Amino acid sequence: MRDLQEIRKEIDEIDDQIVALYENRMKLTSEVAEYKIDTGKKIFDKEREESKLTTLGQKASCDFTRNGIRELFEQIMAMSRKKQYQLLTEHGIVEKPEFQNVDRLEVRNARIVFQGLEGAYSQQAMEEFFGENCDNFHVDTWKDAMEAIADGRADYAVLPIENSSAGIVSENYDLLVEYDNYIVGEQIIKIDHALLGMPGAKESDIKSVYSHKQSLMQCSDFLEEHGDWEKCSLSNNAVAARKICEDGRLDQAAIASARNAEIYGLHVLRESIQNNKNNSTRFIIVTGERIYTRDAGRISICFEVKHESGALYHALSHFIYNGINMTNIQSRPLQNRNWEYRFFVDFEGCFGDEAVQNALRGLKEETISLKILGTY
């Protein structure tokens with residue numbers, strides 16, 4: 001049996017050769033990029049790469065090394081493409097997204113729409129972002145809010161996108177794809193749920209509790225203590241509070257902010273019933289224009305990839321290779337395509353950054369579809 005140190009020494013020598021060969025290959029990649037720049041040829045040639053991978057795999061001596069060689073060269077080719085994307089940017093060949101840079105959002109004469117009724121958390125987020133005296137109106141659903149921008153009745157909409165306890169608001173991710181509306185800002189507010197009932201009601205009287213489904217989830221620990229209560233989901237917490245007021249029944253309660261007790265003449269039966277006492281919701285501000293402010297430092301996108309092994313990894317590798325920090329990634333199932341997904345990513349950066357240009361170029365070339373949802 002050979003000595004371990006002797007084997008390791010031989011491995012080190014081979015690794016040194018691999019490093020030298022890799023660097024030589026990347027130098028040739030630069031020449032390939034120069035040729036493609038001069039001729040206008042696309043960087044990504046899927047058929048050429050697949051043919052090359054098949055040829056290399058056939059040179060292996062067994063299935064194990066055949067799979068390994070294929071995986072190795074998939075990575076080498078991916079890094080080669082990324083190098084070529086960088087060289088395109090260095091030569092000034094950029095594809096700036098069709099977004100207009102503005103000093104600040106124009107809100108003085110703007111109309112703002114939020115979903116729900118007076119007292120909704122969306123209203124609170126709107127007032128914190130735009131000010132309490134902003135010109136606003138409310139609608140029944142989030143889709144109605146997006147439609148209000150599309151038909152010109154509103155300039156901005158305020159939509160919840162993610163809660164620190166209950167996760168994403170999936171419907172609003174889908175609406176960002178469906179409508180040509182774009183994120184231009186965000187507002188994070190603390191969510192403090194209270195149990196509201198009619199004046200004179202006691203917690204022991206309650207048989208049914210109403211709220212938005214996410215709020216019911218956020219208060220699951222409290223609700224488990226009352227397993228005999230009927231949990232009823234409504235479109236909005238403020239809608240639930242109004243229902244309790246209109247029905248006037250002592251055995252019904254709503255989960256909403258304490259502010260709703262003042263608005264609808266209700267009584268706070270229990271304060272701060274949410275599981276997470278630091279519970280917060282992130283709201284996005286959307287508009288129908290492709291604009292962004294000069295201080296924007298985050299970009300949101302969505303994309304689809306082929307339903308094949310390694311497709312998502314290769315897409316996300318554009319962020320890794322360019323040193324870009326992703327702050328969020330979510331997935332949503334594609335309609336009529338079982339077990340296939342659209343991916344949503346938030347990452348740090350601005351359109352003027354070379355790294356962002358390189359990553360967006362690579363994603364555009366190597367995904368089925370790519371949409372920039374906004375920068376803010």
Side-chain angles (χ1 to χ4, degrees), residues 113-128 132 136-145 157-172 187-283:
V113 62
F114 68 93
Q115 181 268 342
L117 300 174
E118 184 182 0
Y121 286 115
S122 293
Q123 182 187 31
Q124 180 183 339
M126 176 194 68
E127 291 177 351
E128 290 191 19
E132 293 185 4
N136 68 86
F137 65 99
H138 55 82
V139 291
D140 291 337
T141 68
W142 295 315
K143 186 178 179 69
D144 290 340
V158 180
L159 303 173
I161 198 70
E162 182 181 16
N163 177 265
S164 59
S165 298
I168 67 170
V169 184
S170 56
E171 297 94 327
N172 287 338
Q187 182 67 49
I188 298 173
I189 65 170
K190 187 177 185 299
I191 303 297
D192 197 11
H193 292 311
L195 184 70
L196 310 181
M198 290 296 297
K202 301 185 295 293
E203 197 170 310
S204 58
D205 297 326
I206 304 305
K207 295 180 180 178
S208 302
V209 61
Y210 295 82
S211 193
H212 186 268
K213 62 182 180 181
Q214 283 235 341
S215 299
L216 294 172
M217 291 168 58
Q218 293 163 25
C219 301
S220 60
D221 291 348
F222 171 77
L223 292 175
E224 283 178 5
E225 298 174 10
H226 303 278
D228 57 332
W229 288 2
E230 182 184 10
K231 288 82 173 176
C232 307
S233 174
L234 294 179
S235 61
N236 185 273
N237 294 5
V239 171
R242 185 180 66 177
K243 174 180 173 55
I244 303 307
C245 172
E246 292 177 345
D247 290 354
R249 293 174 50 172
L250 296 181
D251 63 347
Q252 292 183 346
I255 293 176
S257 70
R259 179 181 181 182
N260 285 274
E262 301 174 8
I263 295 172
Y264 298 104
L266 302 176
H267 177 64
V268 177
L269 302 178
R270 183 86 73 95
E271 296 181 338
S272 298
I273 62 172
Q274 68 274 11
N275 302 350
N276 180 3
K277 300 310 177 185
N278 295 315
N279 187 25
S280 298
T281 294
R282 181 166 71 99
F283 290 80

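The basis for the numbers below is simple: all heavy atoms, side chains too, and nothing from hydrogens, waters or symmetry mates. If you're wondering where the values come from, they're calculated on a predicted model, not measured in any experiment.
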Next item on the list: May I ask you to check whether Ser165 and Asn275 show a side-chain donor-acceptor distance below 3.5 Å?
Entry: no
Check: With side chains defined as the heavy atoms from C-beta onward, is the minimum distance between Met217 and Ser220 less than 4.5 Å?
Finding: no
Next item on the list: Locate the shortest heavy-atom distance separating Lys190 from Gln274; write the atom from each residue and the value.
Entry: NZ-NE2, 4.3 Å
Note to self: I'd like to know whether Glu171 forms a salt bridge (charged side-chain N to carboxylate O under 4.0 Å, His left out) with Lys213, so could you lay out the CA-CA distance, the side-chain angles of the two residues, the decisive distance to 0.1 Å, and finally the verdict.
What the structure shows: CA-CA 12 Å; Glu171 297 94 327; Lys213 62 182 180 181; 3.1 Å; yes
Next item on the list: Using a strict 4.0 Å threshold on nitrogen-to-oxygen distance, state whether Glu127 and Arg259 make a salt bridge.
Entry: yes
Note to self: Is any side-chain heavy atom of Leu266 closer than 4.5 Å to one of Cys245?
What the structure shows: yes
Note to self: Between Ile188 and Arg282, is the side chain to side chain contact (heavy atoms under 4.5 Å, CB included) condition met? List the steps.
What the structure shows: CA-CA 4 Å; Ile188 298 173; Arg282 181 166 71 99; 4.0 Å; yes
Note to self: Could you check whether any side-chain N or O of Lys231 sits under 3.5 Å from a backbone N or O of Trp229, counting only pairs where one atom can act as donor and the other as acceptor?
What the structure shows: yes
Notebook entry, point to check: Would you call Asn163 and Val169 a side-chain contact if the rule is heavy atoms closer than 4.5 Å?
Noted result: no
Margin query: Quick check: do Asn236 and Gln115 have side-chain heavy atoms less than 4.5 Å from each other?
Written below: yes
Next item on the list: Output, in order, the C-alpha distance, side-chain angles, deciding distance and verdict of salt bridge (charged side-chain N to carboxylate O under 4.0 Å, His left out) for Asp247 and Arg249.
Entry: CA-CA 6 Å; Asp247 290 354; Arg249 293 174 50 172; 5.9 Å; no
Note to self: Less than 6.0 angstrom separating the ring centers of His193 and Tyr121, yes or no?
What the structure shows: yes
Notebook entry, point to check: How are the rings of His138 and Phe114 set to each other: parallel, tilted or perpendicular (split at 30° and 60°)?
Noted result: tilted
Check: What do the steps show when you test Ile255 against Leu216 for side chain to side chain contact (heavy atoms under 4.5 Å, CB included), and what is the final call?
Finding: CA-CA 8 Å; Ile255 293 176; Leu216 294 172; 4.1 Å; yes
Next item on the list: Indicate yes or no: at least one non-hydrogen side-chain atom of Met198 is less than 4.5 angstrom from one of His267.
Entry: no
Next item on the list: Begin with the C-alpha distance, continue with both residues' side-chain angles, and end with the deciding distance and a verdict on salt bridge (charged side-chain N to carboxylate O under 4.0 Å, His left out) for Glu230 and Lys207.
Entry: CA-CA 6 Å; Glu230 182 184 10; Lys207 295 180 180 178; over 6 Å; no
